[in-house]
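These notes are about the structure you will find just below.
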Amino acid sequence: MTEYERSLTMPAPPEQVFDQAADVGRLHEWMPGDLHVHAGELPAVTVHEDRTDEDTPALLSPRKEQMRLEWGTREQGSYAGWLQVAGIDSGASEVTVHLSFFDEAHDPGEQRVTEALDRSLQRLREQVRLRVDTPGG
């Protein structure tokens with residue numbers, strides 16, 4: 001099993017950050033561009049990965065009371081992950097994303113994963129910033 005974790009500070013309270021991150025219709029705005037989540041009846045989703053051109057049955061479970069979003073494959077148990085939002089001083093938040101690959105064949109490698117996590121967190125921060133800066137966000 002291989003695990004990766006990255007964190008980034010966001011310019012908004014945890015509730016706003018979580019709402020942005022957990023909005024299934026807006027996941028494409030911050031997730032890696034080569035992953036596409038098609039929601040069924042939550043927690044069931046299908047993830048299409050451009051790199052492999054495969055659709056994978058998965059689960060996506062938003063847990064607002066914990067400010068946590070969890071996901072993973074349904075049938076083969078190849079990977080799982082979570083996103084956790086925590087409030088910090090001055091109304092900002094820290095977002096941590098954690099990925100676990102249980103099947104080596106699904107692990108794209110450390111450099112690729114950490115770059116994707118960093119880009120995703122930066123894209124989420126930008127979406128949060130736009131929402132906070134736009135009246136009625």
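Just so it is clear, the values below take in all heavy atoms, side chains as well, and ignore hydrogens, waters and symmetry mates.
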[X] side chain near [Y] side chain, heavy-atom distance below 4.5 Å:
| X | Y | result |
| --- | --- | --- |
| Glu54 | His48 | no |
| Pro11 | Arg125 | yes |
| Leu83 | Leu124 | yes |
| Glu5 | Thr96 | yes |
| His36 | Thr46 | no |
| Gln122 | Leu8 | yes |

*Apply salt bridge (charged side-chain N to carboxylate O under 4.0 Å, His left out) to Glu49 and list each qualifying residue two or more places apart in sequence or on a separate chain.*
Arg51

*Could I get the full list of salt bridge (charged side-chain N to carboxylate O under 4.0 Å, His left out) partners for Glu29, not counting sequence neighbours?*
Arg26

*side chain to side chain donor-acceptor pair (under 3.5 Å) contacts touching residues 79-89 (sequence neighbours left out)*: Arg68-Gln84

*Please assess Val95 against Val17 for the test side-chain contact (heavy atoms from CB on, under 4.5 Å), listing each intermediate value before the final yes or no.*
CA-CA 8 Å; Val95 178; Val17 174; 3.4 Å; yes

Looking only at heavy atoms, which two atoms of [X] and [Y] are closest? And how far apart?
| X | Y | value |
| --- | --- | --- |
| Tyr4 | Leu117 | CB-CD1, 4.0 Å |
| Ser93 | Ile88 | N-CG1, 3.8 Å |
| Ser120 | Pro32 | OG-CD, 3.1 Å |

*asked:* According to side-chain hydrogen bond (donor to acceptor under 3.5 Å, both in side chains), who are the partners of Asp34, at least two apart in sequence or on a separate chain?
replied: none

*Can you name the residues that form a side-chain hydrogen bond (donor to acceptor under 3.5 Å, both in side chains) with Glu94, not counting sequence neighbours?*
none

*Going by atom types alone, do Glu115 and Gln111 pair a side-chain donor with an acceptor below 3.5 Å?*
yes

For residues 59-66, please give each side-chain donor-acceptor pair under 3.5 Å, one per line with the distance, not counting sequence neighbours.
unit_1 : atom_1 : unit_2 : atom_2 : d
Arg63  : NE     : Glu70  : OE1    : 3.1
Arg63  : NH2    : Glu70  : OE1    : 3.4
Lys64  : NZ     : Asp19  : OD1    : 2.4
Lys64  : NZ     : Asp19  : OD2    : 3.3

Under 3.5 Å: donor-acceptor pair, side chain of [X], backbone of [Y]:
| X | Y | result |
| --- | --- | --- |
| Arg123 | His28 | yes |
| Trp30 | Ala21 | yes |
| Arg6 | His98 | no |
| Ser100 | Glu3 | no |
| Arg74 | Val45 | yes |

*Chi angles and distances behind the side-chain contact (heavy atoms from CB on, under 4.5 Å) call for Met67, Glu15*: CA-CA 7 Å; Met67 297 291 150; Glu15 296 79 13; 3.8 Å; yes

_How long is the straight-line distance from CG of Leu121 back to OG of Ser7, given to the nearest 0.5 Å?_
7.5 Å

_Between Phe102 and Val97, is there shared hydrophobic-cluster membership here, with clusters defined by ILVMFWY side-chain heavy atoms closer than 4.5 Å?_
no

*Could you walk me through whether Phe18 and Val128 pass the side-chain contact (heavy atoms from CB on, under 4.5 Å) check?*
CA-CA 9 Å; Phe18 180 81; Val128 167; over 6 Å; no

